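Values in this document were obtained by computation on a predicted structure and should not be read as measured data. Note on naming: letters A, B, ... go to the chains in the order of the sequence lines (proteins, then strands), and numbering restarts at 1 for each one.
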Amino acid sequence: MRTSQYLLGTLRETPADAEIISHQLMLRAGMISKLASGLYTWLPTGLRVLRKVEQIIREEMNQSGAMEVMMPVVQPAELWQESERWQQYGPELLRIKDRHQREFCLGPTHEEVITDLIRQQVHSYKQLPANFYQIQTKFRDEIRPRFGVMRSREFIMKDAYSFHIDEASLQQTYQTMFDTYCRIFDRIGVDYRPVDADTGSIGGSTSHEFHVLASSGEDDIAFSDQSNYAANIEMAEAIAPAKTAASNLSDLQLVDTPNQHSIEEVAQLLKQSEDQILKTLIVETDPEHSPDASLIALVLRGDHTLNEIKAEKLAAVKSPLTFASDSQIQAAIECKPGSIGPIKLPFKVIADRSAVNCHNFVCGANQDGKHLINANWERDAQYDDVADLRNVKEGDPSPDGQGKLQIKRGIEVGHIFQLGNKYSEAMSATVLNDKGKSVPMPMGCYGIGVTRIVAAVIEQNYDDKGILWPISIAPFQVAIVGINLHKSEIAKQCAEKLYEQLKALQIDVLLDDRKERPGVKFADMELIGVPYRIVVGEKSLADGNVEFRARNEADNQLIAESEIIGLIQNKLQ
RNA sequence: CGGGGCGUAGCGCAGUUUGGUAGCGCACCACACUGGGGGUGUGGUGGUCACAGGUUCAAAUCCUGUCGUCCCGACCA
């Protein structure tokens, strides 16, 4: 490709509404252009990168025995009604009607469509296991699209769905996909971690996420400093502290804490550390499990934060987690939030593992503007159950017993699930087993955010000049920058010759043949992140040399014109 | 959905307080000089000032409404 015939589209200034570095650089490098909130056009440079990511994924999926298919973006409502997700999915599912007033949606995912396909196509256990994938556009009407293609409404996903005769087969394919994902991210050349994960609204049991570690990530990942334990903070278990015996129970005191509602405020006023204060949160109960009471209390140590996923998983707690309103609380215990404690509450109390280990603690007195000092469990306060309710903190012991937890931000670029029979049962996707009996097929599903990977790689690979692509997905592998080609016939001939030679070798080469000053060309090639640069100018050509520089190096190397092609070939191997 | 900010040329912004008919930098076009790190000069192109009402002799500017967009929160594969 020649820059003189190519839409480079680079910007010198950073568009004002781009927050994170990958979004800024993708706009500046002319990779994407915004059409509307959460909708982006991929420009030539961006599309080149995207296609390379897709190709790596495709090759590795094929290698693992998966079959590529392509399903429609528009899906009929009937299928979603069959799986009951038409009701369960919120406004994130974009619903549309056709001219006959029939209902459809834009697919945010394709479990229903693939399950429908497979129940038509597969009838015998002999056809199993089978794994199908596609690289396809998805649409999710995100509440708040942000960070460019990192969280857009329309995006490209590689999604795969496997079908099995039994759980053992599912687990085997799940492991194969786990390994395949590792190979994919290794080949792309990104720093990632597989982590234990929650299954969320997709459902199912076992699940792993693949995260690219970057400070702009939207998830917190907890991992051990001494083992390979890693989990999304939603899932990371806060293990129970060793029981400390209560010695010297002090006398309970009631103190005034007017207008002090937060743990921080109370801690300051009473000169107590936050871990000596208990916080009591009142949430609604699940009516099926607790028909007798509408509220339930969750008690945590003041320095800990509630893990809503863990709380929602408790049978007694309503899902989605719903905090009690001030008026609900006032009606039940005659005080406002900020002064609540686990003291003779008229409903059940679930205490966090760490909270039950506190002695002589501070807690609300269930009277507005008053707290208790030196409260103790049993003597003064009561709980009905103990559970793991909190988010782990940096420095907590690792749940696998090895080392301490560190917490870093991660960008979720892959997610694999064992779905079990959720969809195959709901949609009657069955096969005959070797006994001639009709059984539902356990399923797995495996997603990779293709467009998101592009942004995630940039988050890990940039400097003050622009992007530093790994060679695997760079839009161009080599840039030839000609110096004063309009004046120097010898430089022009050399640049053209090298360009033709590299092209003939199937190397992605960009010849910068614009009539621009060298500084402009260097800046553009660095901004779009071409890994290798050859500078062809009369000056070095006088000694038969061209200049070579890798994007991540600071200095040029003089290379004999006759050797540069060989050098490039070597580097690209 | 709640809170906040912003909509003026392709991009970044000033002008709005105090109403007088639109400007700067970059980009773009032409020419000249320049020619190894976003160069200089001269001359240009490009704007229903988000939209709709209203006030006024006069509205980018004041008032009302609408839309878009971004940030924080809630929410979420």
Side-chain angles (χ1 to χ4, degrees), chain A residues 7-20 23-24 27-28 30 33-39 85 88-93 107-111 138-148 150-153 155 157-159 197-204 207-211 218-219 232 234 308-309 312 319-323 411-417 419 445-449 451-452 464-466 481-488 491 512 514-527 533 535-542 546-547 549 554-556 558:
Chain A
L7 181 67
L8 217 41
T10 51
L11 301 174
R12 199 154 159 184
E13 283 170 296
T14 304
D17 53 7
E19 183 87 350
I20 60 170
H23 188 194
Q24 294 173 355
L27 290 167
R28 285 226 295 135
S33 167
K34 188 171 83 164
L35 177 65
S37 179
L39 302 175
R85 286 209 292 183
Q88 287 165 15
Y89 243 90
E92 200 179 70
L93 182 67
T109 174
H110 281 73
E111 281 82 8
K138 309 282 187 206
F139 191 94
R140 294 179 188 172
D141 200 356
E142 292 281 349
I143 290 174
R144 185 146 81 88
R146 63 187 126 174
F147 304 154
M150 193 76 87
R151 182 172 289 276
S152 51
R153 295 194 292 176
F155 58 100
M157 187 170 174
K158 186 287 300 174
D159 49 327
D198 183 54
T199 52
S201 68
I202 298 259
S207 175
H208 287 87
E209 291 169 346
F210 289 77
H211 280 267
E218 296 183 275
D219 288 294
N232 193 306
E234 294 172 343
E308 299 192 10
I309 305 270
E312 279 174 4
S319 179
L321 189 77
T322 311
F323 283 96
I411 300 166
E412 185 187 347
V413 292
H415 201 160
I416 59 177
F417 305 77
L419 294 176
C445 96
Y446 320 92
I448 292 182
T451 39
R452 181 180 282 184
D464 57 345
K465 296 195 172 85
V481 176
I483 305 292
N484 297 328
L485 298 187
H486 61 289
K487 281 195 173 169
S488 169
D512 198 342
R514 291 174 296 174
K515 187 172 179 284
E516 284 286 356
R517 300 173 69 87
V520 174
K521 299 185 178 192
F522 295 152
D524 273 342
M525 294 305 110
E526 281 159 349
L527 177 58
R533 182 180 83 188
V535 177
V536 179
E538 214 167 43
K539 210 157 73 182
S540 37
L541 223 42
V546 296
E547 292 151 46
R549 193 202 287 192
D555 297 306
N556 290 328
L558 280 177

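Using a 4.0 Å heavy-atom distance criterion, His486(A) is classed as a base contact. If you check every strand for non-hydrogen atoms under 4.0 Å, Lys487(A) touches a base. Residue contacts for Val535(A): at a heavy-atom cut-off of 4.0 Å it reaches a base atom on one of the strands shown. As judged by a 4.0 angstrom heavy-atom cut-off over every strand, Lys521(A) is placed among residues making no nucleic acid contact.
Taking the C1' atom of each, rA60(B) and rU16(B) are spaced 7 Å apart, rounded to whole Å. Comparing the C1' positions of rC51(B) and rA74(B) gives a spacing of 30 Å, expressed to the nearest Å. rU66(B) sits 41 Å from rC28(B) when the P atoms are compared, rounded to a whole Å. Between the P atoms of rC11(B) and rG2(B), the separation comes to 30 Å (whole Å). Nucleotides rC67(B) and rC29(B) are separated by 40 Å at their P atoms, to the nearest Å. To the nearest whole angstrom, the two C1' atoms, one in rU69(B) and one in rG38(B), are 30 Å apart. Here the separation of rA9(B) from rU48(B), taken at their P atoms, is 9 Å to the nearest Å. Look at the P atom in both rU56(B) and rG73(B): the space between them is 46 Å, to the nearest Å.
Residue-to-nucleotide proximity on RNA chain B shows that, of Phe155(A) and Phe522(A), the 5′-proximal contact is made by Phe522(A). Mapping Glu412(A) and Arg517(A) onto RNA chain B by nearest heavy atom places Arg517(A) closer to the 5' end of the strand.
The nucleotide whose nearest atom lies closest to any side-chain atom of Arg28(A) is, among rG35(B), rG37(B), rG38(B), rG38(B). For Ser37(A), the side-chain atoms get nearest to rU69(B) when compared with the rest of rU69(B), rG35(B), rA27(B).
In this view, Pro108(A) and Trp80(A), Tyr89(A), Leu93(A), Arg140(A) satisfy the side chain to side chain contact (heavy atoms under 4.5 Å, CB included) rule, not counting sequence neighbours. With sequence neighbours left out, the side chain to side chain contact (heavy atoms under 4.5 Å, CB included) criterion links Leu558(A) to Ser540(A), Asn545(A), Glu547(A). Not counting sequence neighbours, the partners of Glu218(A) by the side chain to side chain contact (heavy atoms under 4.5 Å, CB included) test are Arg146(A), Phe147(A), Arg151(A).
Pairing of rC33(B), defined by two Watson-Crick or G-U wobble distances under 3.5 Å, is identified with rG39(B). As the counterpart of rC76(B), no nucleotide is assigned, since no Watson-Crick or G-U wobble pattern has both distances under 3.5 Å. A 3.5 Å limit on both hydrogen-bonding distances identifies rA52(B) as the Watson-Crick or G-U partner of rU64(B). Judged by Watson-Crick or G-U wobble contacts below 3.5 Å, the nucleotide rG25(B) has rC11(B) as its partner.
A salt bridge does not link Lys487(A) to Glu538(A): none of the charged side-chain nitrogens sits closer than 4.0 Å to a carboxylate oxygen.
Note that the CZ atom of Arg514(A) and the CG atom of Leu8(A) stand 5.0 Å from one another [nearest 0.5 Å]. Separating the NZ atom in Lys138(A) from the NZ atom in Lys158(A) is a distance of 10.0 Å, to the nearest 0.5 Å. The NE2 atom of His110(A) sits 12.5 Å away from the SG atom of Cys445(A) when rounded to the nearest 0.5 Å. Note: Asn232(A) CG to Ser207(A) OG = 9.5 Å, rounded to the nearest 0.5 Å.
Distance CG (Leu7(A)) to P (rA27(B)): 17 Å, rounded to an integer number of Å. One can place CG of Leu27(A) at 19 Å from P of rA27(B), the figure rounded to the nearest angstrom. The distance from atom CG of Asn484(A) to atom P of rC33(B) is 15 Å, rounded to the nearest whole Å. The interatomic distance linking Leu35(A) (CG) with rG68(B) (C1') rounds to 13 Å, in whole Å. Distance CD1 (Ile483(A)) to P (rG39(B)): 15 Å, rounded to an integer number of Å. Regarding Gln24(A), its CD atom lies at a distance of 14 Å from the P atom of rC70(B), rounded to whole Å. To the nearest angstrom, P of rU34(B) lies 18 Å from CD of Glu516(A). Here the C1' atom of nucleotide rC76(B) and the CE atom of Met150(A) are 16 Å apart, to the nearest Å.
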Could you write out each protein N or O paired with an N or O of nucleotides 72-74 of chain B at a distance under 3.5 Å?
residue, atom, partner, partner atom, Å
rC72(B), OP2, Arg144(A), NH1, 2.8
rC72(B), OP2, Arg144(A), NH2, 2.6

Pairs under 3.5 angstrom, nitrogen or oxygen only, protein versus nucleotides 3-11 of chain B, please.
residue, atom, partner, partner atom, Å
rC11(B), O2, Glu13(A), OE1, 3.3

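Considering only side-chain N and O atoms, Lys34(A) lies under 4.0 angstrom from the phosphate OP1 or OP2 of rC70(B).
Taking only distance into account, the side chain of Arg533(A) meets the base of rG37(B) through a donor-acceptor pair shorter than 3.5 Å. Contact annotation: side chain of Arg514(A) to base of rG35(B), donor-acceptor pair absent below 3.5 Å.
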Do Leu541(A) and Val546(A) pass the side chain to side chain contact (heavy atoms under 4.5 Å, CB included) test, and can you show the C-alpha distance, the side-chain angles, and the key distance before you say yes or no?
CA-CA 6 Å; Leu541(A) 223 42; Val546(A) 296; 4.0 Å; yes
Enumerate donor-acceptor pairs with a distance under 3.5 Å from any side-chain N or O in residues 10-18 of chain A to protein atoms, sequence neighbours excluded.
residue, atom, partner, partner atom, Å
Thr10(A), OG1, Asp524(A), OD1, 2.9

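Between Ser488(A) and Ala491(A), the shortest heavy-atom distance links the atoms OG-N, 3.1 Å.
Between Phe417(A) and His415(A), a ring centre-to-centre spacing shorter than 6.0 Å is recorded.
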